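A short worksheet on the structure shown next.
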Amino acid sequence: MNNGHPMIDRLKYSFSGLPPYDASVAETQAGLSRLLDAARLDAVVITSQDEYVTEYLPRGNNPRYAVSGFDGSAGCGIFLSAATAQALGVPPFVLFVDGRYHFQADEQCDPARVRVEKLGIDVTIWQAMADWLVAHASRLARVGYDARRISVAQRNRLFERTQAATLDWASLADREIDRALALPGWNVERPIFEIPATMTGLSVAQNLDALNRRLAAHTGAADGKTAFFTCASDDLAYLLNSRGYHIPNASSHLGFLFAIGAQVVLFLPEGCDRCEVALDSYPALHVIRRDVAALERFLAQFAIEHVCYGFESVNCALVDAVSRVWPHARHADFNPVEAMRASKTPAVLDQFRHAFARSSAAIAETMRWAKTGEPGVRHTEYDLARTINDAYGARSAVALSFPSIAANGANSAFAHYTAASADVELTEGELVLLDSGAYYEAGFATDCTRVVLRRTQPDTVAQPWQREIYTVALKACIKGLVTRFPATATGGDVDALVRQVCRDHGHDFGHGTGHGVGIHVHEGGVRFAPGARYGLVPNAVISVEPGIYLPGKGGVRIENIVIVRPDDAQPDTVTFENIVTVGYDWDLIDLDLLDDAERAYLRDYERLCVERGTQVTACPLL
């Protein structure tokens with residue numbers, strides 16, 4: 001990831017100290033092939049998730065990385081037995097990646113061992129995998145999946161979309177795949193601790209009361225007859241006002257949480273069972289460590305009729321275990337915590353504003369450095385990633401909210417480039433992209449992307465194509481920031497409006513326009529993406545980040561974070577409050593492409609940046 005420089009992350013809760021793991025793809029594939037032969041499987045689905053359906057995993061706990069060498073945050077695949085791969089004339093592993101990772105997957109994967117299937121923006125990874133299985137069903141009879149590393153919804157989608165193929169599906173729930181890969185795995189022993197209710201605006205008791213009210217409204221069941229459970233770590237952190245920094249790029253902590261009325265169980269399975277728990281504000285919290293039988297005995301006390309959980313965020317093995325405890329309970333795909341998390345309290349919004357003020361100062365300082373450099377000093381992508389890390393640390397950040405994307409020149413065309421190479425110099429006249437974020441004491445994520453033209457010499461000027469893609473991406477971003485949307489609008493509507501600005505100039509981008517931001521940098525409950533049916537949730541925090549990427553040349557992404565606010569003047573509309581104040585690079589802005597409204601917006605924005613000391617270059621409009 002960082003070419004042998006383990007200290008690229010020097011914040012308090014970094015994971016730089018994890019033992020390095022560089023997969024030998026030939027060996028891992030051979031081990032998995034032996035498992036498939038022994039289990040009489042033609043194929044097995046391989047994910048990049050853990051049992052908590054987590055987005056960012058250490059390499060040593062990522063099966064998808066182990067069999068492919070691809071370490072992006074998203075992407076799953078189908079591993080084939082040797083006989084099946086030979087019959088189909090394909091490598092053993094078929095990897096499916098979205099538009100963020102087309103280039104990275106090509107670079108990291110050996111085509112003799114991995115076939116990369118590159119998906120368009122209108123096809124999900126799980127749809128594509130199911131369609132691939134159906135298309136090749138004549139050579140596939142029995143297909144396995146890791147029940148601990150796949151969500152109920154993911155499994156349901158596979159089953160439903162492959163019905164015509166009449167596949168025999170086999171659940172592997174005892175870590176067979178991990179053992180076959182000799183996956184190192186990992187343990188965490190960081191304490192689980194509370195943040196004060198003044199930071200969240202709600203106590204644990206209030207959170208649970210709101211949860212139970214929503215559960216009762218959904219099921220109509222009597223008190224004590226409904227159980228809710230989740231393994232989504234940001235659900236746990238939200239409900240318990242807790243933090244732990246147990247996994248890379250997340251302030252949350254691991255565990256399975258069960259809520260039955262006022263009774264709450266935090267189960268810490270193997271891998272996190274030695275963590276100290278200091279959650280004293282809610283006395284009815286029971287902590288059970290590793291002992292599954294003790295957990296089942298506790299749960300069996302309750303005569304449960306309804307079990308509610310999010311099918312997208314709970315693994316299949318956990319649901320199967322719950323079904324054994326309450327075999328007659330009805331299961332509902334209902335996780336009210338997602339909606340509760342999405343609409344932030346005033347106290348949380350204040351925490352976001354404070355966090356983004358600090359992050360904006362760190363980013364502006366770093367982008368000025370990235371632009372002008374230091375006389376006579378060579379700087380690299382690695383130096384850029386280290387500089388933003390230290391700038392966050394100087395402002396009391398405790399962790400990164402995702403791996404910093406520090407990209408020079410053609411590497412900026414990789415939407416999720418994370419190599420941050422010490423061998424790639426920040427080059428005069430090239431685009432330099434930085435996408436980064438941090439956590440502060442309250443544990444809410446920040447995120448922002450900016451691009452500058454590297455210009456250490458006064459006669460360096462931007463090339464026309466650089467100015468065009470930067471200005472068009474900026475226009476698209478401004479469109480999203482300033483438009484008043486109907487209160488009934490969806491995330492798909494916002495995406496379409498922003499994307500159309502790029503399309504009007506002959507460009508597009510292979511990712512969504514925006515993701516929710518919360519305890520995790522990618523939060524469910526609101527999203528700006530093609531076809532997204534999520535509404536514009538009042539007081540949600542979300543990104544607006546159009547981009548334009550030219551392979552082999554360079555790319556631009558401009559990302560601001562906004563709060564969705566009801567418009568007091570027009571009750572049927574919503575507006576966006578931008579909480580990022582990092583100036584733009586006026587060497588890259590084509591003034592002739594801006595209309596009067598865009599100029600007025602940028603004049604006001606840059607004036608605010610000047611007041612806050614976060615301007616990057618001098619604005620000619622001031």
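Bear in mind that the values here come from a model prediction, so they are computed numbers and not experimental data.
- Residues Ser242 and His253 meet the side-chain proximity criterion, which asks for heavy atoms closer than 4.5 Å.
- The backbone N or O of Thr460 lies less than 3.5 Å from no partner atom in the side chain of Glu428, so there is not a single donor-acceptor pair.
- For Arg557 (side chain) and Ala415 (main-chain N/O), a donor-acceptor pair under 3.5 Å exists by modelled atom type.
- Evaluation of the side chain to side chain contact (heavy atoms under 4.5 Å, CB included) rule for Glu27 yields Ser24 as partners, not counting sequence neighbours.
- Minimum interatomic distance between Val97 and Ala74 (heavy atoms only, all atoms of both residues): CG1-O, 4.3 Å.
- Ser359 OG to Ile561 CD1: the interatomic distance, rounded to the nearest 0.5 Å, is 10.0 Å.
- A donor-acceptor pair is defined here as one N or O able to donate and one able to accept, closer than 3.5 Å; no such pair exists between the side chain of Arg527 and the backbone of Tyr534.
- In this structure, Arg450 does not pair ionically with Asp585, as no charged nitrogen and carboxylate oxygen lie closer than 4.0 Å.
- Under the 3.5 Å distance criterion, the side-chain polar atoms of Ser68 are matched with a main-chain donor or acceptor of Arg64.
- Between the side chain of Asp9 and the main chain of Leu11, a donor-acceptor pair closer than 3.5 Å is present.
- Summarising the geometry of Asn62 relative to Leu57, their closest heavy-atom pair is CA-CD1, 4.2 Å, with the distance given to 0.1 Å.
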Practice item. With side chain to side chain contact (heavy atoms under 4.5 Å, CB included) as the test, would you mind laying out the steps for Asn560 and Cys477 before giving the verdict? Key: CA-CA 8 Å; Asn560 292 287; Cys477 190; 3.3 Å; yes
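- Considering every non-hydrogen atom in both Val67 and Thr28, the closest pair reads CA-OG1, 3.7 Å.
- More than 12 non-hydrogen atoms from other residues, nucleotides or ligands lie less than 6.0 angstrom from CZ of Arg100.
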Practice item. Start with the C-alpha gap between Asp106 and Lys118, add the side-chain angles, then the distance that decides, and say whether salt bridge (Lys or Arg N to Asp or Glu O under 4.0 Å) holds. Key: CA-CA 10 Å; Asp106 274 346; Lys118 300 172 185 175; 2.3 Å; yes
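- A cation-pi contact, defined as under 6.0 Å to the ring centre and within 45° of the axis, links Arg243 to Phe444.
- In terms of modelled atom types and a separation under 3.5 Å, the side chain of Asp383 and the main chain of Thr380 share a donor-acceptor contact.
- For the residue pair His507 / Glu468, a side-chain donor-acceptor distance below 3.5 Å is found, with atom types taken as modelled.
- Side-chain contact between Val348 and Val541: absent, with no pair of heavy atoms (C-beta onward) separated by less than 4.5 Å.
- Taking both residues in full, the closest heavy atoms of Leu426 and Glu381 are given as CD2-N, 3.9 Å, listed atom of the first, atom of the second, then distance.
- Listed for the Gln457 side chain is no donor-acceptor partner under 3.5 Å among the backbone atoms of Gly429.
- With sequence neighbours left out, His520 forms a side chain to side chain donor-acceptor pair (under 3.5 Å) with Ser233, Ser252.
- Partners of Asp587 under the salt bridge (charged side-chain N to carboxylate O under 4.0 Å, His left out) rule, at least two apart in sequence or in another chain, are Lys371, Arg455.
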Exercise for review: Evaluate the criterion side chain to side chain contact (heavy atoms under 4.5 Å, CB included) for residue pair Arg358 and Ser396; output intermediate values, then yes/no.
Suggested key: CA-CA 9 Å; Arg358 282 186 273 182; Ser396 302; 3.9 Å; yes
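- Residues Arg386 and Arg10 meet the side-chain proximity criterion, which asks for heavy atoms closer than 4.5 Å.
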Check your understanding: What do the steps show when you test Arg565 against Asn539 for side chain to side chain contact (heavy atoms under 4.5 Å, CB included), and what is the final call?
Key -> CA-CA 6 Å; Arg565 304 304 301 267; Asn539 302 315; 3.7 Å; yes
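- Residues Tyr392 and Ile363 form a side-chain contact, since some pair of their non-hydrogen atoms from C-beta on lies under 4.5 Å apart.
- Between Tyr245 and Tyr439, the ring planes lie perpendicular to each other; the angle is over 60°, past the 30° to 60° tilted range.
- Using a 4.0 Å cut-off between charged side-chain N and carboxylate O, Arg149 and Asp178 make a salt bridge.
- When all heavy atoms of Pro63 and Thr47 are compared, the pair lying nearest together is CD-O, 3.7 Å.
- In summary, the aromatic rings of Tyr549 and Phe103 are positioned with their centroids too far apart to meet the 6.0 Å limit.
- A salt bridge is defined here as a Lys NZ or Arg NE, NH1 or NH2 lying under 4.0 Å from an Asp or Glu carboxylate O, and Arg454 with Glu430 fails to meet this definition.
- A donor-acceptor distance shorter than 3.5 angstrom exists from the side chain of Ser401 to the backbone of Thr446, with no hydrogens or angles considered.
- Val521 is not listed as a side-chain neighbour of Asn249, based on a closest heavy-atom distance of 4.5 Å or more.
- A parallel orientation is assigned to the rings of Tyr605 and Tyr601, their planes being inclined by less than 30° (bins at 30° and 60°).
- For the atom pair His246 NE2 and Tyr52 OH, the distance stands at 9.5 Å (nearest 0.5 Å).
- The backbone N or O of Asp71 sits less than 3.5 Å from a side-chain atom of Gln108, completing a donor-acceptor pair.
- With Tyr65 as reference, Tyr21 is the one residue of Tyr21, Tyr56, Phe93 to meet the ring-ring contact (aromatic ring centres under 6.0 Å, His included) rule.
- Proximity of a side-chain donor or acceptor of Ser313 to a complementary backbone N or O of Ala232 within less than 3.5 Å is not detected.
- Rounding to the nearest 0.5 Å gives a distance of 12.0 Å between CD of Glu117 and CD1 of Ile125.
- At most 12 non-hydrogen atoms from other residues, nucleotides or ligands lie less than 6.0 angstrom from NZ of Lys479.
- Side-chain contact of Tyr13 with Ser251: a donor-acceptor pair under 3.5 Å is absent, judged by distance alone.
- In this structure, the side chains of Pro530 and Arg499 come closer than 4.5 Å at one or more pairs of heavy atoms.
- Atom CE of Met367 and atom OG1 of Thr614 lie 13.0 Å apart (nearest 0.5 Å).
- With a 4.5 Å cut-off on side-chain heavy atoms, Trp186 and Ile247 count as touching.
- Between the OG1 atom in Thr366 and the CG atom in Asp390 there is a gap of 9.0 Å [rounded to 0.5 Å].
- Looking only at side-chain heavy atoms (C-beta outward), Phe356 and Ile563 stay at 4.5 Å or farther from each other.
- The shortest heavy-atom contact between Val564 and Ile542 is CG2-CG2, 4.2 Å.
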Exercise for review: Could you check Leu497 against Thr513 for side chain to side chain contact (heavy atoms under 4.5 Å, CB included), going step by step and ending with a plain yes or no?
Suggested key: CA-CA 10 Å; Leu497 186 78; Thr513 293; over 6 Å; no
